[in-house]
Amino acid sequence: ELPKEAELPFFYGWFLLSEVEERIKCSTMDFLKILDTLEAFKKHLNEFTGEAEKEVDLEQYFQTKEPLHCTTKFCDYGKVEGSKEYAELQVVKDSYGNSAELSVVGLMVTPRTFGARVELTSEQLQLWPAGADKEGVPETSLAGVEALPVGSRAHVTLGCAAGVEAVQTGLDLLEILVLQQEHHEASAVEELELGTLSYLGQGRWYLSLREAVTCDTTFSSFSE
Ligand code: 2AM
């Protein structure tokens, strides 16, 4: 008889507790409402709609992806390189099912994705796979991404535009962080109660939160 292959999940990550999920959904929707009404945002509306005068309701524009989580390793049931090695890491086994407090430090919006930037602690970085930041990053952007601190891609996808896959959120976030690194203050647009809002061209917006939001999560895996 053949030995049973250990099953690998769709992905590993930190999953927000359901009451936290509700709280985050509400407060991030509030941010979209604020952004939607800003003159600065209206000025660049055509980057979302493709038309100059058309209105956009950001709350409808993005479709929520549940459960809300911060992906560590996308395995696709073992099809992705390094999945088995990741599952077998002692730190992954030891942390499985444990709670973790994730720190959300910013929010990002692009015509494709809406996400929350997560700042990982050194302990949490042990669960961040080597090379995860640059996976799928276009050749031309690699140098910029490699100059960012490890774990810069960590995020929670809050929503995607119709037809956009969640994997895009991390790529959009990296693009924003690279642009910010290249020409920092230049992009600051507005001081909001929530924090500092920056515009980075081509419909890309980043809100650096005045105060980080702590989210209770569980490190676990997801399979459909
Ligand atoms: P996300 O982490 O940006 O939300 C299931 O599709 C989950 O795995 C989503 O959360 C998604 O993106 C993430 N994911 C999908 N494909 C991926 C990839 N190639 N690399 C990293 N994460 C991926």
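Note that ligands are numbered from 1 as they come in the structure, with each ligand's atoms numbered from 1 the same way.
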- Under 3.5 Å, is there a donor-acceptor pair between the side chain of R153 and the main chain of A132? yes

Of all heavy-atom pairs linking V104 and A116, the shortest is CG1-CB, 3.8 Å

Those residues at least two apart in sequence (or on a different chain) that pass ring-ring contact (aromatic ring centres under 6.0 Å, His included) with F48 are F41, Y61

Would you mind writing out a table of all protein N or O atoms found under 3.5 Å from any N or O atom of ligand 1, naming both atoms and giving the distance to 0.1 Å?
from: ligand 1; atom 1: 2 (O); to: T71; atom 2: OG1; distance (Å): 2.6
from: ligand 1; atom 1: 3 (O); to: H155; atom 2: NE2; distance (Å): 2.6
from: ligand 1; atom 1: 3 (O); to: T157; atom 2: OG1; distance (Å): 3.1
from: ligand 1; atom 1: 3 (O); to: A166; atom 2: O; distance (Å): 2.8
from: ligand 1; atom 1: 4 (O); to: T157; atom 2: OG1; distance (Å): 2.6
from: ligand 1; atom 1: 10 (O); to: H69; atom 2: NE2; distance (Å): 2.6
from: ligand 1; atom 1: 10 (O); to: T71; atom 2: OG1; distance (Å): 3.2
from: ligand 1; atom 1: 12 (O); to: V167; atom 2: N; distance (Å): 3.4

Test ring-ring contact (aromatic ring centres under 6.0 Å, His included), reference H69, set F74, F15, W14, output is F15

Sequence neighbours excluded, the answer for side chain to side chain donor-acceptor pair (under 3.5 Å) partners of E146 is K134

The side-chain contact (heavy atoms from CB on, under 4.5 Å) partners of Y77 (sequence neighbours excluded) come to F10, S223, E224

